[in-house]
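Read the structure below first, then the notes.
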Amino acid sequence: MKRRNFLAATAAATLVPAATVAPVAAQAKMILKATDVHPLGYPTVEAVVRMGTKLEQATGGRISIQMFPSMQLGGEKEMIEQAQLGAVQIARISVGPMGPLVPEMNVFNLPFMFRDSAHMEKVVDGEVGDEILKKLSDHPTANLIGLCWMSGGTRHVYNARRPITSVADLRGLKIRMMGNPLFVDTMNTLGGNGVAMGFDQLISAMQTGVVDGAENNEPSYAGGQHYRYAKYYSRTGHLIIPEILVFSKRSWNALSASDRTLIANMAKEAQKEQRQLWQAEEAEALRKMIAAGAIVNEVGNKREFQDAVRPVWDKYGAQHQALIARIQAIN
Ligand code: BDP
């Protein structure tokens, strides 16, 4: 069976009551499959695992979450497709690859959009965050429900060749970017060569020299031991991208109204929990990667990087001026 057909077949089976003799459908057991590129223990994964425990407690074991971590189901592109089909119910993904699907989300993907993580968190916690989650849920073809936001820190460039202190240092470096033309354009505008590929392909691409490096937050770099292939970690801080917990719309439509409310509320709690876990992990990851040999440097002049990416703002931001102004006005 082709992978896609297999996924469709398992999708249909997932929400079927486990107990065939259950007298009422409301008592049927439901196992929600969840997936994440990160390993067990990573803040996003841990928050969803805890959400599963709480769901079990709240429903006397009727609803639970089965976690497939560590890219077991592929990179984010595959995870999104599987959630769209209903082969998994919950996927924790970056907003990065969502931009081509829901245009408003690309505003969060603009380089230097947020002043810092606190600004990003304030934006997603408020009206703008709610509106964008709703845009996703209401989207006619995205087939996903936006449950809540998670924090993904600040992304910096890392590579095997040299520390990046100014824009000129990026010249000619092949840097892996997430699958979204906006990111490839960002790297190219800075003078590097942006190469789009899944997170699941990155280590082998660094090992074989297909890319010289990539860009990510400290926990992803340290957790994936990327310092083994690209030891220069330069704090460009070019992206602060929120992450998002999505639910398969196909599976969502099969839930009772009360189960939907329960899951939505638990997801909001997971958002808070993840943020606390994130703050501790970010500091710990920086310590670990330095101990493992990463060479961390600050860039000389952030402004130079910000000025260099203006063409990306012109190309991708022009149609979202009002939204951008609202985000910038949030203090
Ligand atoms: C990590 C995000 C993850 C992305 C990954 C990437 O948590 O969702 O898949 O970056 O670069 O920071 O693809």
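All ligand and atom numbering here is 1-based and tracks the order in the structure.
The nearest protein atom to atom 2 (C) of ligand 1, hydrogens excluded, is given as E243 OE2, 3.2 Å; this is a heavy-atom distance. Scanning the protein heavy atoms around atom 12 (O) of ligand 1, the nearest turns out to be N216 OD1, 2.6 Å. The shortest contact between atom 3 (C) of ligand 1 and any protein heavy atom is with E76 OE2, 3.5 Å.
Between F247 and W252, the ring planes lie perpendicular to each other; the angle is over 60°, past the 30° to 60° tilted range.
Applying the 4.0 Å criterion to heavy atoms of S220 picks out, from ligand 1, the atoms 1 (C), 12 (O). Atoms of ligand 1 lying under 4.0 Å from at least one heavy atom of M178, given by number and element, are 6 (C), 11 (O), 13 (O). Each of the atoms 1 (C), 6 (C), 10 (O), 11 (O), 12 (O) of ligand 1 lies under 4.0 Å from some heavy atom of R155. Near V37, meaning under 4.0 Å from one of its heavy atoms, ligand 1 places the atoms 3 (C), 9 (O).
Under the 3.5 Å distance criterion, the side-chain polar atoms of E218 are left unmatched by any main-chain donor or acceptor of A285.
With a 4.0 Å heavy-atom cut-off, ligand 1 is reached by no atom of D36. Contact annotation for S94 and ligand 1: heavy atoms of both the backbone and the side chain come within less than 4.0 Å of the ligand. Heavy atoms of R176 found under 4.0 angstrom from ligand 1 belong exclusively to the side chain.
Residue pairs meeting the ring-ring contact (aromatic ring centres under 6.0 Å, His included) criterion with at least one member in residues 300-323: none, sequence neighbours excluded.
The shortest N or O to N or O distance between E215 and ligand 1 is not below 3.5 Å. The shortest N or O to N or O distance between Y42 and ligand 1 is not below 3.5 Å.
Aromatic ring centroids of Y158 and Y221 lie under 6.0 Å apart.
Looking at E215 and H238, their side chains do bring a donor and an acceptor atom within 3.5 Å of each other.
Salt-bridge check for E131 with K134: failed, with every basic side-chain N at 4.0 Å or more from each acidic carboxylate O. Between D259 and R62 a salt bridge is recorded (basic side-chain N to carboxylate O distance below 4.0 Å).
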T44/Q274 under side-chain hydrogen bond (donor to acceptor under 3.5 Å, both in side chains): CA gap, chis, key distance, verdict: CA-CA 6 Å; T44 51; Q274 189 268 350; 5.6 Å; no

